Amino acid sequence: MTTKLDRLIADLEVMELIGETDKEVTSLESDSRKAEKGGVFVAVKGVTTDGHKYIPVVASANVGAVVCEEMPTTLSNGVTYIRVKDSAKALGQLASAWYGNPSGKLKLVGVTGTNGKTTTATLLYEMAKLQGYKAGLLSTVCNYIGERKVPSTHTTPDPLNLNRLLAEMVAEGCEYAFMEVSSHSTSQQRVAGLTFAGGIFTNLTRDHLDYHGTVDNYMRAKKAFFDMLGADAFALINEDDKSGRFMVQNTKAKVYTYSLRSDADFRGKVIETRLDGTLLSLNGKEVEVMFTGRFNAYNLTAVYGASILTGFDPESVLVDMSKLVPVAGRFQPFLSTKGVAAIVDYAHTPDALVNVLDTIRGIVGSSGRVITVVGAGGNRDSGKRPLMAQEAACRSDILILTSDNPRFEEPDEIIRDMEAGLSREELRRTEKITDRKTAIRRAVEIATPGTVILVAGKGHEPYQEIKGVRNHFDDAEEVRAAFAELNK
């Protein structure tokens with residue numbers, strides 16, 4: 001694949017240019033190790049390294065052009081140097097141009113927020129299929145090009161992989177695409193250059209402060225997505241979240257709202273809830289759905305609204321809402337023959353634990369018992385650890401603190417951080433079991449009929465990351481195995 005350099009950089013805001021642009025270029029890369037002769041290398045200032053350090057190396061390899069924020073002191077003959085204000089943003093724009101602006105050939109809808117991104121994006125993808133369209137999905141759990149499954153490594157891929165996947169969707173006849181837009185991706189300009197038909201804001205609570213530093217920075221990273229939406233796009237916000245209106249202060253998109261508590265363009269109401277489903281009212285019309293909890297009612301109301309704003313028929317959307325099924329690892333229920341239930345959920349923030357446990361409490365009532373198995377990720381925001389333990393303890397009869405993905409931290413130290421949030425009384429009904437498999441088995445062992453066990457934090461993840469190695473581990477598998485032992 002080749003293209004003319006002048007055509008590729010046509011939409012860039014070029015601050016300085018040295019060299020020829022009337023030439024063919026053969027590739028586009030931001031990884032110096034992959035830079036090729038005759039290709040374009042974009043020097044990006046990343047989190048761990050600065051691509052500008054490698055400009056002399058790629059220049060000596062005879063790349064055709066270098067895009068950078070700072071011109072090198074020594075220039076190589078035959079290389080075109082293009083200086084821009086923000087090379088990360090330029091990479092997104094160049095990636096879009098390189099792959100023929102695929103997002104402009106799709107109806108692309110992005111979903112951002114702390115919780116609910118995966119569920120909302122995935123259900124919109126499923127809704128599009130139920131409506132008879134071919135669609136694509138980019139999510140934390142998995143990417144799909146039509147029905148073809150593509151493994152996911154990041155919530156939002158880097159610009160080159162992102163546009164390559166979107167181009168494959170176009171090539172395979174997809175008309176719609178739905179994607180999670182993480183705060184990291186907006187901060188790092190991974191979605192720069194994309195054309196969105198719409199954006200959805202779910203909610204905002206504390207998360208990723210290890211990266212953003214403050215809640216304000218995190219919130220502004222989310223807002224940046226809505227700032228980039230065009231006038232032809234829609235912005236659908238959660239009216240019940242205090243950050244919703246802030247998100248759209250500067251957007252050019254047409255703003256719509258959804259709510260469970262107040263008047264909105266799309267109004268949801270929980271009429272009846274059970275462990276295996278909910279009777280939900282959407283804009284005054286009742287529908288039985290296979291989801292549980294107010295947090296899922298919010299997700300479904302967003303899906304209902306976005307489906308209509310995307311152009312699907314409102315009446316058929318309502319019918320298809322009842323056909324949607326929960327996403328793996330998102331309030332995923334299991335039931336033993338002994339009358340013990342377990343829920344596997346991705347909840348890994350204080351707010352997410354509150355949502356899930358309040359839902360479970362509302363179902364089991366005062367007579368049922370709740371056992372929570374939870375840990376916290378290593379090398380991430382340590383400030384949320386005691387908060388997570390605190391929220392879990394006050395909503396559980398028994399709390400089991402265990403390991404999540406410790407990464408390069410010691411699991412026992414993470415558990416001690418969580419313990420710090422507990423009172424003496426809460427500590428008396430808390431167990432510490434570092435091995436996650438053993439912790440799940442222990443919860444099943446001490447459960448009595450009518451007990452609901454929440455296994456929180458990892459959800460869909462089929463691995464546990466320890467010292468840089470991802471070992472196979474699946475919460476759902478472990479729950480099934482523990483129940484099989486219980487049922488013997």
Side-chain angles (χ1 to χ4, degrees), residues 11 86 89 92-93 96 101-117 120-121 123-125 127-128 133 135-139 155-156 159 162-163 166 169 175-204 218-259 262-268 283 298-312 314 317:
D11 292 331
D86 186 335
K89 181 178 180 180
Q93 294 170 319
S96 179
N101 186 30
S103 62
K105 299 169 184 173
L106 296 158
K107 282 192 176 180
L108 176 63
V109 176
V111 186
T112 196
T114 305
N115 301 312
K117 295 188 299 296
T120 303
L123 295 184
L124 281 166
Y125 162 74
M127 176 63 75
Y133 298 98
L137 173 68
L138 299 170
S139 84
T155 297
T156 310
L162 176 52
N163 280 277
L166 292 173
M169 291 176 193
E175 295 179 60
Y176 294 87
F178 305 94
M179 67 176 288
E180 295 182 51
V181 179
S182 68
S183 56
H184 289 70
S185 72
T186 52
S187 295
Q188 297 168 12
Q189 299 282 5
R190 288 186 226 158
V191 292
L194 297 187
T195 302
F196 284 91
I200 302 166
F201 170 70
T202 59
N203 50 64
L204 190 134
Y218 175 52
M219 183 164 61
R220 291 184 184 280
K222 296 289 187 188
K223 180 180 180 295
F225 170 55
F226 294 95
D227 291 348
M228 69 174 283
L229 294 180
D232 293 335
F234 68 81
L236 178 61
I237 61 168
N238 182 350
E239 182 78 336
D240 297 340
D241 189 285
K242 61 184 179 182
S243 301
R245 288 290 170 179
F246 173 77
M247 292 292 149
V248 292
Q249 278 181 356
N250 305 106
T251 191
K252 299 182 186 72
K254 187 170 182 182
V255 177
Y256 296 86
T257 59
Y258 69 97
S259 171
S262 56
D263 287 338
D265 296 297
F266 303 99
R267 177 75 192 276
N283 279 7
Y298 275 107
N299 294 335
L300 290 164
T301 305
V303 168
Y304 174 70
S307 296
I308 293 169
L309 294 174
T310 302
F312 301 151
V317 165

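For the single chain, residues carry numbers from 1 onward in sequence order. What you are looking at is a predicted structure, and each value in this text was computed from that prediction instead of being measured. Hydrogens, waters and symmetry mates play no part in the numbers below; they use all other heavy atoms, side chains included.
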Evaluate the side-chain proximity of M247 to T112: yes if any heavy-atom separation is below 4.5 Å, no if none is. no
Give the C-alpha distance, both sets of side-chain angles, the deciding distance and a yes or no for side chain to side chain donor-acceptor pair (under 3.5 Å) between Y298 and D241. CA-CA 11 Å; Y298 275 107; D241 189 285; over 6 Å; no
Interatomic distance, CG@L229 vs CG@N250, rounded to 0.5 Å, equals 12.0 Å
What are the two closest heavy atoms between D240 and S259, and how far apart are they? OD1-OG, 2.7 Å
Spacing of T186 atom OG1 and F226 atom CZ [to the nearest 0.5 Å]: 10.5 Å
Parallel, tilted or perpendicular, judged at 30° and 60°: which one describes the rings of Y133 and F312? parallel
Which atom of L204 lies closest to which atom of K222, heavy atoms considered: CD1-CG, 3.8 Å
Using the side chain to side chain contact (heavy atoms under 4.5 Å, CB included) definition, which of the options N238, L236, T120 pairs with T202? T120
Got a sec, which pairs hit salt bridge (Lys or Arg N to Asp or Glu O under 4.0 Å) with one end in residues 229-239, sequence neighbours left out? E239-R245
Side-chain contact, heavy-atom cut-off 4.5 Å: N163 with L194? yes
Can you tell me how far OH of Y125 sits from CG of L138, rounded to the nearest 0.5 angstrom? 10.5 Å
Check: F225 and S185 side chains under 4.5 Å, non-hydrogen atoms: no
Minimal heavy-atom distance between E180 and A121, with the atoms involved, is CG-CB, 4.2 Å
How about D265 and L309: do any of their side-chain heavy atoms sit closer than 4.5 Å? no
Would you give me the side-chain donor-acceptor pairs under 3.5 Å for residues 102-111, sequence neighbours excluded?
residue : atom : partner : partner atom : Å
S103    : OG   : T195    : N            : 2.8
K105    : NZ   : G100    : O            : 3.0
K107    : NZ   : T310    : O            : 3.3

Do D11 and Q93 make a side-chain contact, defined as non-hydrogen atoms from C-beta onward lying under 4.5 Å apart? no
Quiz item: cation-pi between K223 and F246, 6.0 Å / 45°: yes
Check whether any side-chain N or O of N283 sits under 3.5 Å from a backbone N or O of R267 as a donor-acceptor pair, and report yes or no. yes
